[in-house]
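Remarks on the structure that follows.
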Amino acid sequence: MSNLDEENNILIDTVREFCEKNIDEKKIEEEKIGKNMNSLLASQGFLGAKIGDKYGGSALDDTSYHIILEEISKYSPSIAMKIFMINSLYMPAVINTEYESILSDVSSGKVNVSVDFMNDKYSLDYNSNVSGIIKNILNPDSKNIVLFDKKTIIAESPFKINEKDFMGFKGLKFGDIELDNKYNVVDDKNRKEDIILNSYNDLSAIALGIISGAINKAMEYSKVRTTFGAYLKNYEPLAFKLSEMHSKENILRSILYNNLDKYYTFNFAMDSIVEIARFSVNIHGGYGYFKDFGVEKFYRDAVILKSIFYGNEQLRQLSNHVYSEKLNFI
Amino acid sequence: MSNLDEENNILIDTVREFCEKNIDEKKIEEEKIGKNMNSLLASQGFLGAKIGDKYGGSALDDTSYHIILEEISKYSPSIAMKIFMINSLYMPAVINTEYESILSDVSSGKVNVSVDFMNDKYSLDYNSNVSGIIKNILNPDSKNIVLFDKKTIIAESPFKINEKDFMGFKGLKFGDIELDNKYNVVDDKNRKEDIILNSYNDLSAIALGIISGAINKAMEYSKVRTTFGAYLKNYEPLAFKLSEMHSKENILRSILYNNLDKYYTFNFAMDSIVEIARFSVNIHGGYGYFKDFGVEKFYRDAVILKSIFYGNEQLRQLSNHVYSEKLNFI
Amino acid sequence: MFEEYNDYRKTIRDFALKEFTDGVAAKYDRDEEYPDDLRKKSLSLGIIDMQNPAKILIAIEELCRIDAGLGISVTTPYFGAEVLMLFGNDEQREFLNDVYSGKYILGLGVTEPSGGSDVAHIKTTATKKGDKYILNGSKMFITNGAIADYLVVLARTSNEEKPHHGLSTFLLNTKLNGFKANKLEGKLGVRATNTAELTFNNIELSKDDLIGEEGKGFYYIMTFFNISRIYVAAQALGIAEGAFDKILNYVKSNEIKDENTMFGIADISTRIEASKELTYNAASYLFKFEPRPQLTSMAKAYAGETAVYSSEKAMEILGVNSLNENVERIFRNAKIMEIWEGTSDVEKLIISRFILKGE
Amino acid sequence: MFEEYNDYRKTIRDFALKEFTDGVAAKYDRDEEYPDDLRKKSLSLGIIDMQNPAKILIAIEELCRIDAGLGISVTTPYFGAEVLMLFGNDEQREFLNDVYSGKYILGLGVTEPSGGSDVAHIKTTATKKGDKYILNGSKMFITNGAIADYLVVLARTSNEEKPHHGLSTFLLNTKLNGFKANKLEGKLGVRATNTAELTFNNIELSKDDLIGEEGKGFYYIMTFFNISRIYVAAQALGIAEGAFDKILNYVKSNEIKDENTMFGIADISTRIEASKELTYNAASYLFKFEPRPQLTSMAKAYAGETAVYSSEKAMEILGVNSLNENVERIFRNAKIMEIWEGTSDVEKLIISRFILKGE
């Protein structure tokens, strides 16, 4: 990572040290991200990584923000997702609106906020009332939630939550909400697409962390586990595949931090993540199927991340982007 | 390619202009690279790209050399292979030996040289005579040929050539040689592995050119060809796949010129090249199967390049390299 | 050979649709609890007919198509029965009737913590002492481990030059002193099935508990796996079909027509069709006692990969709509298909060995 | 259904091994020349029995396993015959005997320069003029185009609202005035086969040259492709097997035992087994007149991809040793399998259409 400078490297060390000391993902998945963890994340400036300092945030540049997302994802994709939802999705929706002052309570961990990714349908009336069902939302226990209708709106708590169990980003609460709430318009346009487009590199950083966490688990295991009288790493088909995946991890890191076109980086991340996480589980044999070994969570979160953020719509955007480019040849 | 400077960009333009004006790959494949082309390549300083100026070479740095290989491969993988054999394989074997003065005639295009990639077996006797069969050699019509036995040796022409038709890098002659020739030792070690290892980035540059040439053909075709009443580029499965391949092309270019670990770059190049070249043929339908459309050559050369230079041995090297690295995590 | 059972197939499917509702499947998945009531219900309907392997195969496929956690749970109380059927004495085969009737739950104890797929090197010992065997050691990832009444157990009875020569199989009553089962929790999928770690501490086995001959255990277990693999292929096939059902349902009810999704449907359905034909073909040889282990391994490896592929594609095509436990559960269930009873890697070595030997 | 022909299979294989030697195959490949002598030899041995589609399928598979360029060349002089057989009048069916006997070489002219797989929008016209039709237009990539005595040609006879309603099929004598064939050279593979671009310049066809009814040509051709696709699947299967033979031969004779190669062998053999079962299964429905077009398309698409996969793997596993024209020729031949008679993309749309319709 020669493209990162001294300051970046100090940040990497700091985040790793924090994670080593404070993050027990198994516990987080069981108990959800609680008050203590929120305070810890806030005190490190992670919750408000991109939020301006007038709201108590860290106002970090992109590289630093990506380092935080990557490093935390290696330990806890759930926490990274929480930070991402605040900084990459919620903040861009509320900044420069009457809601931006809430960012203080967000960066200090006092309140949760959320964004509805689903293509849910709502009914809005003239009394600023929104009704309908929000399905499958992360962080339903929020102060308010950004919804994308024809306009970009914010629904105000309290919410009637039907909490559900869910196997991805399990550190966050998850469920459906029966809406019958007040709302306010924060933008006259539906900003979903533009907000997600702007977050491609952030998502790639989370993907990189998941990939890296999974591969490292697998490589470590391949060095200590024996079968048929030899270490796993001495079985060439496994070693070759792990090494190829490790190459891809480093390529993704290189293009992310070298700031290659975000469409390419995101496509590469989404193209690699599931295969890598899946194979990292496989390497562990039966143990990989159990939570205790801390590898299956990467597979779950990899698939869920891709399900939420990468589909035909994103491929269409990539394709439009590519076909509108001047080709580098002829 | 923000990592390339002004001078690099001028070189790119120069090479492209040269290729546009002088290279007709169909003709090259039919008539082989002849005297005129050799002179042209020599006069541009391409033949001796890495050879020092005391032997009339251009003494270029790696980036410039890779630009030449990439750009020429887009037009003629055969010519790029010729340049590669001289600069990446032959020169490293003879430099600092009594043979290095031949490099003058090589960089001026007066003589051909070659290197035996096959694991052929030779018999050496005490009268400096080497016998045996060299199978499947590119450029058999050479002044001399580097062979890898227990030592690195050079066999001297004239060679008894059994020319054969061959479908890869068709601009070069190809065939078997019945050896009964004088030889000299240029190194007491078999340097094959170390020479090829050192040429990983050079091979990646050729691969990048092949990939780029193939994709550009396919993308151009997808913009002008209609089927079932619409342009090919409007069929999403095709457009998506082309766009994903185009992403990979740009990723490869980024990591090559940013000088990422050569093992990773080469693995990525070899992992992508065949699929991309194959799909570029597919896009052309029946036309893709014919030489006239200039795309099937990329598929042929892609497969042959990989067959020669990438197999279990290289995967083993990658794997050893990866497992000997300090992991970036924990 | 399988078309004649189309009515039976429908009976099974109707049972699964009625009993394995989304709510029920989600509950057992969440609670990681074995569905003993469903086992009993399936028994009372006589759904599993151990005398007819083709019907077992179909039942497994159709049940797993609706829910693999429940489907495997109700078809696995007989796991290991073939060892007794083929190699047991009269009394042991007699005992099987109580397994078929549901009085007893059976299981198979082969895998060990350090062993994985490396069966020949297991460390559990059954040391002869007079006319008894003293069983010591531990087993890992044992399906039914904490609910089984009896287990077919593989243990070392002697040390031979070739390690697989010294192994024997026993029928172990789990009520015996020295037996301990520790239910393993936190599985990614098939969470309704029961999985346990077992420890054997000086368990006294009588010589009547020996199955077949001493020293032939490895062979018995390999023979068993050559049979049971086909049932894993059927599990995987069912899961792949179940995932595809979700995709079709989604595509149809949302009137999705884009070509990229159509290509996805073509790819998935082709792989499922190939899995089905590989599985049925391998099964048809096996069930007429002409086993072709390489075909069985191909079926298992290919169907296992297809289960994972289809379920991941379901997540991808349904996108945010897949964040529904009745879809994502399928993808979590699928993964085990590449792992148990020989990882896909082991299958590949079996296939290549037979192919190279065969010509 | 196919095992009963094992003796026939052996006859074909022996013929191919004897006649399609490496030297012969390499020569026709290099020269891009149609092997008329081999066609005649195969005829004199009665290798192709058009009355028995199962035998045709086996012949194609076994011949292409040895060399696809030659194998396709000797089995393709009948190309298009099914159109006459199913839809022709008595006289036209009578004429087929001269095709089967080898007196005439037949071909099929459907694809056009601008059309590719888009059959409904062909531009060649057959304009009625009295009781004649005047044929004008051009065809592209026509197998046997420059050597055929007769061609089954699709042309537009009227302009209808739905473009595929106005098409008709004709039996065209290539000696007629106005017919021109331009042999296309420079193919990547199957270079022994003859491929041509055709131009029709005011060719006068009589009404007796019409095959079946006017306006039904599109339906006839689609019916034909639903049959002929299975033979393409067999070509692809043969190529995949041929590539695998090269791998096995190399691995055995060099005593290669590394596990990565073993995994490769397992993967390739599994895909070939799946291709075989898909092909034979689809064929068995087709040959008892219960065609299931989606199964045929699956077989063709999957076997085509497997041919390419296996041959590329052969290049990879043999490494520098693959630079031998008898190995690299296989990989060049394989590619056409994903292209002709409907690219894999078209197959995928057919599959998904049937799947979505079917349930």
Side-chain angles (χ1 to χ4, degrees), chain A residues 1-3 12 16 20 71 74-75 209 212-213 215-217 219-220 222-223 233-234 236-255 257-261 263-268 270-271 312 314-323 325 327-330, chain B residues 1-3 12 16 20 71 74-75 209 212-213 215-217 219-220 222-223 233-234 236-255 257-261 263-268 270-271 312 314-323 325 327-330:
Chain A
M1 292 201 292
S2 57
N3 44 320
I12 291 174
R16 282 186 194 173
E20 274 298 324
E71 293 302 328
K74 291 178 187 172
Y75 294 81
S212 185
I215 291 181
N216 280 302
K217 279 271 177 200
M219 289 196 66
E220 289 304 320
S222 76
K223 291 179 193 169
K233 81 184 177 71
N234 294 327
E236 291 191 343
L238 308 187
F240 292 178
K241 190 147 183 198
L242 272 177
S243 300
E244 295 197 80
M245 293 181 347
H246 181 73
S247 292
K248 285 191 181 166
E249 174 199 339
N250 280 291
I251 289 170
L252 177 55
R253 186 171 290 113
S254 166
I255 61 178
Y257 291 108
N258 273 311
N259 220 0
L260 183 71
D261 183 316
Y263 289 88
Y264 302 156
T265 304
F266 193 40
N267 180 256
F268 185 68
M270 292 298 108
D271 197 45
N312 270 351
Q314 285 66 40
L315 286 167
R316 225 161 263 146
Q317 280 161 2
L318 169 68
S319 172
N320 290 336
H321 175 71
V322 166
Y323 273 98
E325 257 185 353
L327 288 185
N328 125 305
F329 177 68
I330 304 179
Chain B
M1 292 200 290
S2 58
N3 43 321
I12 291 174
R16 282 186 196 174
E20 273 298 324
E71 294 302 328
K74 290 179 187 171
Y75 293 80
S212 185
I215 291 181
N216 281 301
K217 279 272 176 198
M219 290 196 66
E220 289 305 319
S222 75
K223 290 178 192 169
K233 79 183 178 72
N234 295 328
E236 291 191 341
L238 308 187
F240 292 178
K241 192 148 182 197
L242 272 177
S243 300
E244 296 196 81
M245 293 181 347
H246 181 72
S247 292
K248 284 191 183 169
E249 173 198 340
N250 279 293
I251 289 169
L252 177 55
R253 187 170 288 114
S254 167
I255 60 178
Y257 291 108
N258 273 312
N259 221 359
L260 183 70
D261 182 315
Y263 290 88
Y264 302 156
T265 304
F266 192 41
N267 180 255
F268 185 67
M270 291 298 108
D271 197 46
N312 271 351
Q314 285 66 41
L315 287 166
R316 226 161 262 147
Q317 280 160 2
L318 170 69
S319 171
N320 290 336
H321 175 71
V322 165
Y323 273 98
E325 257 185 352
L327 289 184
N328 127 304
F329 176 68
I330 303 181

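Predicted, not measured: the structure shown is a model, and the values here were computed from it.
Here CG of B/N258 is found 15.5 Å from OH of A/Y257. Values are rounded to the nearest 0.5 Å. Rounding to the nearest 0.5 Å gives a distance of 7.5 Å between OG of B/S247 and CG of A/D261. A distance of 12.5 Å separates NZ of B/K241 from CG of A/L315, quoted to the nearest 0.5 Å. Atoms CG and OG, on B/L260 and A/S254 in that order, are 4.5 Å from each other to the nearest 0.5 Å. Interatomic distance, A/N267 CG to B/F240 CZ, rounded to the nearest 0.5 Å: 11.0 Å. Here the CD1-CG distance, from A/I251 to B/D271, works out to 8.5 Å after rounding to the nearest 0.5 Å.
Shown here are the salt bridge (charged side-chain N to carboxylate O under 4.0 Å, His left out) partners of A/E244, two or more places apart in sequence or in another chain: there are none. Under the rule for a ring pair (Phe, Tyr, Trp, His ring centres under 6.0 Å), the partners of B/Y263 that lie at least two apart in sequence or sit in another chain are B/Y200, B/H321.
For B/L242, the part lying near chain A is the side chain, with the backbone staying farther off; criterion is any non-hydrogen pair under 4.5 Å.
Taking each heavy atom of B/A239 and A/S319 in turn, the nearest pair found is CB-OG, 3.5 Å.
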